[in-house]
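Basis for what follows: all heavy atoms, side chains included, without hydrogens, waters or symmetry-related copies.
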Amino acid sequence: MTLLVDGAAADGPAEDPSTGDPSRPDSSARDGRDGRDGRDGRDGRDCRDCLDALDPANGVLVGGLWRPGSAGLFAVEDPATRAVLAEVADGDPTDAIAAVDAAAERLPAWAAVPPRTRGDLLGRVRDLMLRDADRLAAVIALENGKSLADARSEVGYAAEFFRWYAEEAVRPHGDYGISPAGGTRTVVTHRPVGVAALVTPWNFPAAMATRKIAPALAAGCTVVLKPAAETPLTALAIGRLIAEAGVPDAVVNIVPGTDAAGIVTAWLTDPRVRKISFTGSTGVGRTLLRQAADRVINTSMELGGNAPFVVTASADLDAAVDGAMVAKFRNGGQACTAANRFYVHADVAAEFTARLGARVEALRVGPAAAGSDIGPLISGKALDGVGRLLAEATAAGATITHQAPVPDGDGYFFPPTVVSGVPADSALVREEIFGPIAPIVTWRADEELLAMVNDTEFGLAAYVYAELGEALRLAERIEAGMVGVNRGLVSDPAAPFGGVKQSGIGREGARAGLEEYLETQYLSIELSDRS
């Protein structure tokens, strides 16, 4: 089974044949590519050469130079085995400020580059990512743990942001008008916001980086990037491809490191940094917003989720189960848009549970090298947290109806699980699970359903399976920034990704994603003849 990543075409063009067909979620994991013994997804060799080529000990990129981190090295492990993959340069606030020095110096020249030139460079990055798709997927699978099919899908999606913003870079947006009082003209234009600080998570290490880098560069901003300490290697690989494409030195600077708070605080307190874009937990997002307020920094926040997955009595159950497998189990449920709580109409709950459970029991859990459908969770902490939620739910009366087996070994594997009889106020449905558990709550009346669905501080994504008219009526009353209507994917580079309530501020993707990196300026022009 191919479990596509967080969005269209695995968070990319939904029907791109290079990334699989999301309407057939079992279609490509057994196509002969996933079942190889090799960890690079190509020819059976261990992907050690992929990692060595990144020179991770010199993984701080400042001004076009790769260098050691001022804090030494930190270990990145394979969550499928707990073995150390690489020792990576550990950047600190000193490196963070050096990155800003480089980005600020380069900013005027990069902002002055013609949009067509910037677009051409972004297009080259996309081409290089597709050229190296298997190697990038291998790196993602090694440090993140997701299946190779899932990792390949992520690479396809991540590359699409460079294509989309290569095209958007040359589509100027502005306005011209006559003042109502006459005599003057108003010209509205846009300029890059400035140096942008980008902070990305570990669950989609390629896609979350490119979803920020591509629009920032298209807008004429220079960037400093802090990738997650769990998955910095993918960012280093993308940084090297950006340089190979011909993007000038210092336009993109990368500071991996374990002192995330110190690095990001250094950026937020530097007057040259005018933008922060963060993807991560709502708790950390709140902290960053408080810091950003001190200098009134332009902010974009893509934060936590608690996505409901609604199945009504009119739903096509085959389609609903297909959608559930994608929405819940891609990347092992470790996605902010993952279906977190299933609300299934009482008339179809038993049948839906049985069908979903049969699919879950058939999932192959294990390392990416074994051709698995589901990999490990990212860490021991994540494993403990998901286990706690399940234990609390079963102790309160919920029932485990179906589980997939997990392999023996040292990896952070958790069995994909279906749980029924879950109370509506259970922590399993009130907290973001970030793991492969599908809790099922039953309902009968629409008002009861909507009260449960909207009873959360989060509002990122939601999913509705029903006859189309019914689905639209429900979707319009769900408090979420994105709703998948009869599909288990919601993201697309051409669509605005983001949430409401405490799931975030701003949008990524589409034209809106470019506008996050632009400031509006207007010119008031006096035309009266004073001669």
Practice task
State which residue, out of V365, V406, L377, I374, fulfils the side chain to side chain contact (heavy atoms under 4.5 Å, CB included) condition with F414.
Solution key: L377
Handout entry: Sub-4.5 Å side-chain heavy-atom contact between R211 and T200
Key = no
Fill in the blank from the handout: Value for CG (L241) from CE (M129), rounded to nearest 0.5 Å, stands at 7.0 Å
Practice task
Please step through side chain to side chain contact (heavy atoms under 4.5 Å, CB included) for the pair L460 and E302, ending with a clear verdict.
Solution key: CA-CA 9 Å; L460 185 61; E302 196 264 283; 3.6 Å; yes
Completion exercise
dist T210:OG1 -> L198:CG (nearest 0.5 Å) comes out at 11.0 Å
Problem - Non-hydrogen side-chain atoms of W202 and S379 separated by less than 4.5 Å - result: no
Handout entry: Nearest heavy-atom neighbours spanning A398 and V419
Key = CB-CG1, 3.6 Å
Practice task
Give a yes or no on whether the backbone of G375 and the side-chain of S372 come within a donor-acceptor separation of less than 3.5 Å.
Solution key: no
Exercise for the section: Using atom types as modelled and distance alone, determine if a side-chain donor or acceptor of D150 lies under 3.5 Å from a backbone N or O of N331. Expected result: yes
Problem - Side-chain touch D78/L142, heavy atoms, less than 4.5 angstrom - result: yes
Completion exercise
Separation between CD (E467) and CG (L472), nearest 0.5 Å, reads 8.5 Å
Completion exercise
CE of M482 to CZ of R507, rounded to nearest 0.5 Å, is 7.5 Å
Exercise for the section: Carefully, step by step, assess F434 and N203 under the rule side chain to side chain contact (heavy atoms under 4.5 Å, CB included). Expected result: CA-CA 10 Å; F434 241 63; N203 54 344; 3.6 Å; yes
Handout entry: Heavy-atom pair of closest approach, residues A141 and L148
Key = CB-CD2, 3.8 Å
Practice task
Ignoring hydrogens and angles, state whether a donor on the side chain of S300 or E508 is under 3.5 Å from an acceptor on the partner side chain.
Solution key: no
Exercise for the section: Walk me through it: do Q291 and T287 pass the test side chain to side chain contact (heavy atoms under 4.5 Å, CB included)? Expected result: CA-CA 6 Å; Q291 289 182 281; T287 298; 4.1 Å; yes
Exercise for the section: Could you tell me whether a side-chain N or O of R388 sits under 3.5 Å from a main-chain N or O of D384, the two making a donor and an acceptor? Expected result: no
Problem - Charged N-O contact under 4.0 Å between E516 and K212 - result: no
Problem - Under 3.5 Å: donor-acceptor pair, side chain of S314, backbone of T312 - result: no
Completion exercise
Here the gap from F352 atom CZ to I440 atom CD1, rounded to the nearest 0.5 Å, amounts to 5.5 Å
Handout entry: Under 3.5 Å donor-acceptor, Y412 side chain and T81 backbone
Key = no
Handout entry: Closest heavy-atom pair and its distance - P439, V422
Key = CB-CG2, 4.0 Å
Problem - SB check E470 R473 (cutoff 4.0 Å) - result: no
Problem - Beyond-backbone contact of K501 with E457, side-chain heavy atoms, under 4.5 angstrom - result: no
Problem - Flag, side chain of Y465 to backbone of R487, donor-acceptor distance under 3.5 Å - result: yes
Problem - C50 side, atom SG; D134 side, atom CG - distance, nearest 0.5 Å - result: 9.5 Å
Exercise for the section: Would you please test L489 and T337 for side chain to side chain contact (heavy atoms under 4.5 Å, CB included) and show each step? Expected result: CA-CA 9 Å; L489 299 166; T337 56; over 6 Å; no
Handout entry: Pairing of E392 and R430 as salt bridge, 4.0 angstrom limit
Key = no
Exercise for the section: Taking the side chain as every heavy atom from C-beta outward, state whether F74 and P56 have any atom pair closer than 4.5 Å. Expected result: no
Exercise for the section: Look at E230 together with K381 and state whether they make a salt bridge at an N to O cut-off of under 4.0 Å. Expected result: no
Practice task
Taking all non-hydrogen atoms of both residues into account, name the closest pair between E77 and P79 and its distance.
Solution key: O-CD, 3.4 Å
Handout entry: Heavy-atom side-chain contact between V386 and L390 under 4.5 Å
Key = no
Exercise for the section: Would you mind reporting whether R286 and Q502 have side-chain heavy atoms less than 4.5 Å apart? Expected result: yes
Problem - Exercise: identify the closest heavy-atom pair between A89 and G59 - result: CB-N, 3.3 Å
Exercise for the section: Consider only side-chain N and O atoms of N340 and N306, and report whether a donor and an acceptor are under 3.5 Å apart. Expected result: yes
Exercise for the section: Classify the side-chain pair N144/T231 by whether it contains a donor and acceptor separated by less than 3.5 Å. Expected result: no
Problem - Under 3.5 Å donor-acceptor, K328 side chain and G323 backbone - result: no
Practice task
Kindly check if the number of other-residue, nucleotide or ligand heavy atoms within 6.0 Å of CG (D408) is above 12?
Solution key: no
Exercise for the section: Look only at the side chain of E479 and the backbone of V500, and say whether a donor-acceptor pair between them is shorter than 3.5 Å. Expected result: no
Practice task
Side-chain contact test, heavy atoms from C-beta onward, threshold under 4.5 Å: evaluate it for H345 versus V310 and give yes or no.
Solution key: no
Handout entry: Polar side-chain atom of R341 near backbone of V453 as donor-acceptor pair, under 3.5 Å
Key = yes
Fill in the blank from the handout: Heavy-atom closest pair (A471 atom, V485 atom, distance to 0.1 Å) is CB-CG1, 3.7 Å
Practice task
Please confirm whether the backbone N or O of R477 pairs with a side-chain atom of N454, one donor and one acceptor, at under 3.5 Å?
Solution key: yes
